[in-house]
Amino acid sequence: MLAELKGLNEECGLFGIWGHPDAAQITYYGLHSLQHRGQEGAGIVVSNGEKLRIVKGEGLVNEVFSNGQLDHLQGKAAMGHVRYATAGGGGIQNVQPLLFHSQVGGLAIAHNGNLVNANDLKHQLENQGSIFQTTSDTEVLAHLTRKSGYTKIKDRVKNALSMLKGAYAFVIMTETKMLVALDPNGLRPLSLGRLGDAYVVASETCAFDVVGATYERDVEPGELLVITDEGLTSERFSLHTNRAMCSMEYIYFSRPDSSINGINIHTARKNLGKQLALEAPIEADVVTGVPDSSISAAIGYAEASGIPYELGLIKNRYVGRTFIQPSQSLREQGVKMKLSPVRGVVEGKRVVMVDDSIVRGTTSRRIVKMLRDAGATEVHVCISSPPIKNPCFYGIDTSTHEELIASSHSIEEIRQIIGADTLTFLSPEGMVKAIGRPYEGEYRGQCMACFTGKYPTEIFPDTVLPHEKVYV
């Protein structure tokens with residue numbers, strides 16, 4: 001995917017397994033399959049029933065575990081995390097899982113998402129004597145859990161979760177238990193599977209396929225799973241649920257071979273492309289997609305329009321991790337390094353270029369120019385999502401309106417900026433229809449905040465920059 005180039009990045013991916021002798025090794029492969037969700041850090045915690053051990057570091061999964069570190073992680077249960085830094089920033093101290101030790105035992109936590117009331121809770125906890133070791137909002141859960149007056153870890157975690165607001169999928173582990181929780185809106189994906197007698201959880205179902213596990217079901221919003229040697233139990237920590245799965249999981253973040261709520265991602269993206277062709281019929285010679293996340297939508301557009309699909313853009317698979325860093329200068333250089341137009345395909349042709357989103361507009365402008373330089377006579381840009389006009393506070397690194405070109409420019413102005421002959425975005429109604437989630441309501445259980453400005457949770461004032469305005 002071109003997430004590292006376009007500046008639209010998801011925070012992280014989770015994997016956990018309980019009841020397998022090769023837990024750490026399986027977690028390693030599970031994290032490999034989730035590498036697209038975060039490239040800045042990775043870690044694994046393992047339990048042997050008596051003690052928690054951890055290995056973590058900055059870099060890709062194969063870099064962090066390149067020198068036999070897995071040999072030190074022996075046990076029947078493990079949890080892992082890959083991270084892209086949004087809230088809290090980078091640094092080894094923020095690489096997860098976070099591991100805490102106390103007189104009553106260890107506690108490891110891995111988190112996907114972002115807490116909108118993290119700063120408010122941190123102020124309260126610090127006033128009560130807590131000292132934070134990281135700048136990650138994930139640490140809030142550890143302090144809330146420790147301060148809870150309940151005796152059982154399950155009850156302490158449930159009490160702590162009830163205080164959190166925002167997007168969160170958690171995997172929590174002690175020496176004898178693994179707890180799995182999803183926020184009441186289900187903003188982030190989280191699934192449960194089985195590998196023989198072992199239980200497996202992961203941010204995406206593609207991880208199950210990689211490790212040979214069988215998908216069982218999605219974790220429900222407001223649900224807490226407790227996994228021990230005795231088996232699995234399910235409880236509710238919140239009865240007030242309102243499904244609002246992040247739309248960008250279907251459009252962009254998740255791997256095409258994953259499924260969310262029974263919907264295959266590749267199929268959903270093809271349907272987005274087909275709907276786009278219905279809403280934006282264009283006379284052209286070829287359809288091409290921006291690798292990799294837009295290929296499925298481009299195929300769908302081609303099928304529905306009858307215009308041939310061609311590989312008009314090729315992705316360089318051998319660019320080093322330098323070009324996965326989230327700085328603007330490296331991002332702009334990475335566009336040139338990562339993509340090449342295929343002159344033999346686009347020269348002398350009217351090209352429909354399908355992409356999944358436009359964030360800043362920088363990448364789209366460069367790709368349009370590439371296609372023109374390669375001889376395309378017309379470039380029609382079709383986006384398989386509505387314009388992203390509003391910041392995300394749930395774990396995507398677009399936290400201000402200034403970062404979003406659609407926040408301050410009309411579609412015609414954006415078209416002129418990127419240099420396209422035409423520019424079309426998919427309608428919100430068309431997007432919801434194409435994805436086809438099996439739920440009732442206006443958006444069928446999708447979060448549409450980045451498109452509509454309607455946020456599914458309260459947004460706390462200290463989550464928003466002083467000059468920003470948010471309407472809930």
Side-chain angles (χ1 to χ4, degrees), residues 9-18 23-24 26-47 52 54-56 61 64 77-88 94-99 107-115 136-139 141-142 157 161 164 166-174 177-183 186-193 195 198-211 213 215-221 223-227 245-246 249 253-255 258-260 394-396:
N9 292 278
E10 218 278 333
E11 189 169 358
C12 57
L14 307 174
F15 187 90
I17 182 168
W18 189 277
I26 292 170
T27 301
Y28 171 84
Y29 288 111
L31 293 182
H32 240 299
S33 70
L34 300 173
Q35 187 73 84
H36 58 286
R37 299 185 72 88
Q39 299 90 30
E40 294 189 0
I44 294 176
V45 172
V46 69
S47 171
L52 299 180
I54 186 170
V55 173
K56 68 177 183 178
V61 173
V64 174
M79 57 185 286
H81 186 274
V82 290
R83 183 171 196 266
Y84 179 89
T86 56
N94 289 322
V95 175
Q96 298 184 31
L98 302 181
L99 178 58
L107 181 71
I109 301 177
H111 173 206
N112 177 23
N114 201 48
L115 304 179
S136 170
D137 57 357
T138 307
E139 190 178 352
L141 179 63
V157 169
L161 291 172
L164 305 182
Y168 55 86
F170 280 113
V171 177
I172 305 160
M173 194 164 71
T174 69
K177 289 182 176 67
M178 178 176 288
L179 299 95
V180 181
L182 186 64
D183 70 76
L187 280 154
R188 292 282 162 251
L190 192 61
S191 297
L192 172 70
L195 181 58
Y199 288 97
V200 186
V201 293
S203 290
E204 292 187 37
T205 59
C206 64
F208 297 156
D209 298 329
V210 168
V211 303
Y215 167 82
E216 293 279 309
R217 65 177 178 89
D218 290 343
V219 179
E220 292 294 311
E223 184 179 21
L224 176 68
L225 303 178
V226 181
I227 305 171
M245 168 62 66
C246 174
E249 291 288 350
F253 290 129
S254 295
R255 263 178 44 165
S258 291
S259 295
I260 301 175
Y394 302 123
I396 301 174

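Here the structure is a predicted model, which means the values were calculated and not measured. Side chains included, hydrogens not; waters and symmetry mates left out as well; all remaining heavy atoms used.
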[atom2] on [Y] to [atom1] on [X], rounded to 0.5 Å:
X      : Y      : atom1 : atom2 : value
Glu220 : Leu192 : CD    : CG    : 11.0 Å
Ser203 : Leu34  : OG    : CG    : 6.0 Å
Met79  : Leu52  : CE    : CG    : 9.0 Å
Arg255 : Ser33  : CZ    : OG    : 5.5 Å
Ile260 : Thr205 : CD1   : OG1   : 8.0 Å

Any idea which heavy atoms bring [X] and [Y] closest together, and the distance?
X      : Y      : value
Cys12  : Gly113 : SG-N, 4.4 Å
Gly80  : Ala110 : O-CB, 4.5 Å
Ala181 : Leu224 : CB-CD1, 3.9 Å
Gly186 : Pro221 : N-CB, 3.8 Å
Arg37  : Tyr84  : O-CB, 4.0 Å
Pro97  : Ile54  : O-CD1, 3.3 Å

With sequence neighbours left out, what residues match [X] under side-chain contact (heavy atoms from CB on, under 4.5 Å)?
X      : value
Gln35  : Gln39, Leu60, Val61, Val82
Val46  : Arg53, Leu73, Ala78
Thr174 : Leu107, Ile153, Thr176, Lys177
Val95  : Lys56, Glu58, Ile92

Name all residues meeting the ring-ring contact (aromatic ring centres under 6.0 Å, His included) criterion together with Tyr199; count only those two or more places apart in sequence or in a different chain, and write none if there are none.
none
Report the residues that fulfil side chain to side chain donor-acceptor pair (under 3.5 Å) with [X], sequence neighbours left out, ordered by chain and then residue number.
X      : answer
Tyr28  : His32
Glu223 : Arg217, Ser234
Ser191 : Asp218
Ser258 : Glu204

Below 4.5 Å, heavy atoms only, C-beta onward: do His111 and Leu141 meet side chain to side chain?
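The answer is no, as the side chains (C-beta and beyond) never meet within the 4.5 Å cut-off.
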Do Leu14 and Gln96 come close enough that some side-chain heavy atom pair is under 4.5 Å?
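Counting from C-beta outward, Leu14 and Gln96 never come under 4.5 Å.
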Option from Leu225, Ile109, Ile172 for which side chain to side chain contact (heavy atoms under 4.5 Å, CB included) with Leu179 holds
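Going through the options one by one, the only one that passes is Ile172.
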Can you sort out the partners of Glu139 under salt bridge (Lys or Arg N to Asp or Glu O under 4.0 Å), two or more places apart, ordered by chain and number?
none
Would the number of heavy atoms belonging to other residues, nucleotides or ligands and lying under 6.0 Å from OH of Tyr215 be above 12?
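Counting other residues, nucleotides and ligands, OH of Tyr215 exceeds 12 neighbours.
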Please evaluate residues Leu161 and Phe170 with respect to the criterion side chain to side chain contact (heavy atoms under 4.5 Å, CB included), reporting the C-alpha separation (whole Å), side-chain torsions for both, the decisive distance (0.1 Å), and the verdict.
CA-CA 10 Å; Leu161 291 172; Phe170 280 113; 3.9 Å; yes
Dump the intermediate steps for side chain to side chain contact (heavy atoms under 4.5 Å, CB included) on Ile26 and Phe15, then the final yes or no.
CA-CA 9 Å; Ile26 292 170; Phe15 187 90; 4.0 Å; yes
